[in-house]
Amino acid sequence: MSPEAVWPPELPEVVLDWPVPRGVKIRPVRWVGGDAANYRAHFQAAVDAGMVLAVICNDAPRGPGARVTRWFCPGVPMHVTGEQVVGEDGRMQHVFLVPAAAALLALERGLVTCLE
């Protein structure tokens, strides 16, 4: 990140009204389908490209009545896009947006356990 960059970065309108979580998630989350280095490279590339939000896929569906966010690691929200893709394993994956810099910090702070 360049020294003249504004921190924290300005958030897109889509996340400005995210609800406050009812509870606090304190245990590390498990991300599947890659190791920490792959996830770190993915989120670092998003940050380097100036993106505030990065894409992450999850196989947990969100129904039409679901709230717009869910928590993917302690203190970090993800936004439901409503998009779906088929993963490499043939399973349906749901597409979410997450704050890229927060995801990097979560990896560095041990708030995420990555499973292959």
Side-chain angles (χ1 to χ4, degrees):
M1 182 181 304
S2 66
E4 63 275 357
V6 176
W7 190 260
E10 196 173 318
L11 292 175
E13 224 174 280
V14 69
V15 298
L16 295 180
D17 61 352
W18 282 2
V20 176
R22 287 190 217 160
V24 177
K25 185 174 187 177
I26 56 173
R27 291 190 313 186
V29 71
R30 292 175 298 181
W31 292 353
V32 246
D35 59 19
N38 288 340
Y39 280 110
R40 190 172 287 107
H42 172 70
F43 292 119
Q44 187 64 58
V47 169
D48 292 347
M51 298 168 59
V52 174
L53 300 176
V55 170
I56 191 170
C57 293
N58 189 307
D59 60 3
R62 300 298 287 171
R67 293 192 335 243
V68 293
T69 61
R70 67 182 271 146
W71 297 88
F72 83 114
C73 75
V76 181
M78 61 186 189
H79 173 76
V80 178
T81 67
E83 296 175 45
Q84 297 178 355
V85 295
V86 177
E88 291 178 11
D89 59 0
R91 292 174 33 190
M92 185 61 66
Q93 298 282 305
H94 301 269
V95 180
F96 298 86
L97 296 174
V98 299
L104 280 173
L105 289 172
L107 283 165
E108 296 302 320
R109 301 273 195 270
L111 300 176
V112 177
T113 301
C114 296
L115 306 172
E116 296 269 349

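- Taken to the nearest 0.5 Å, the OH atom of Tyr39 stands 5.5 Å off from the CD1 atom of Ile56.
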Inset, instruction - Carefully, step by step, assess Cys114 and Leu107 under the rule side chain to side chain contact (heavy atoms under 4.5 Å, CB included). - result: CA-CA 9 Å; Cys114 296; Leu107 283 165; 4.0 Å; yes

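- Between Pro28 and Leu111 there is no side-chain heavy-atom pair separated by less than 4.5 Å.
- If you take CG on Leu115 and CH2 on Trp31, they are separated by 12.0 Å, rounding to the nearest 0.5 Å.
- Minimum heavy-atom separation, Leu104 to Gln44: CD1-OE1, 3.4 Å.
- Under the 4.5 Å side-chain heavy-atom criterion for Ile, Leu, Val, Met, Phe, Trp and Tyr, Met51 and Val95 are members of distinct hydrophobic clusters.
- Taking CZ of Phe72 as the start and CG of Asn58 as the end, the distance is 10.0 Å to the nearest 0.5 Å.
- Under the 4.5 Å side-chain criterion, counting only non-hydrogen atoms from C-beta, Val98 is not in contact with Leu53.
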Inset, instruction - For side chain to side chain contact (heavy atoms under 4.5 Å, CB included), just list the numbers for Val86 and Gln93, CA-CA rounded to whole Å, side-chain angles, deciding distance to a tenth of an Å, and then say yes or no. - result: CA-CA 6 Å; Val86 177; Gln93 298 282 305; over 6 Å; no

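- Side-chain contact between Val80 and Phe96 is present, with heavy atoms from C-beta onward closer than 4.5 Å.
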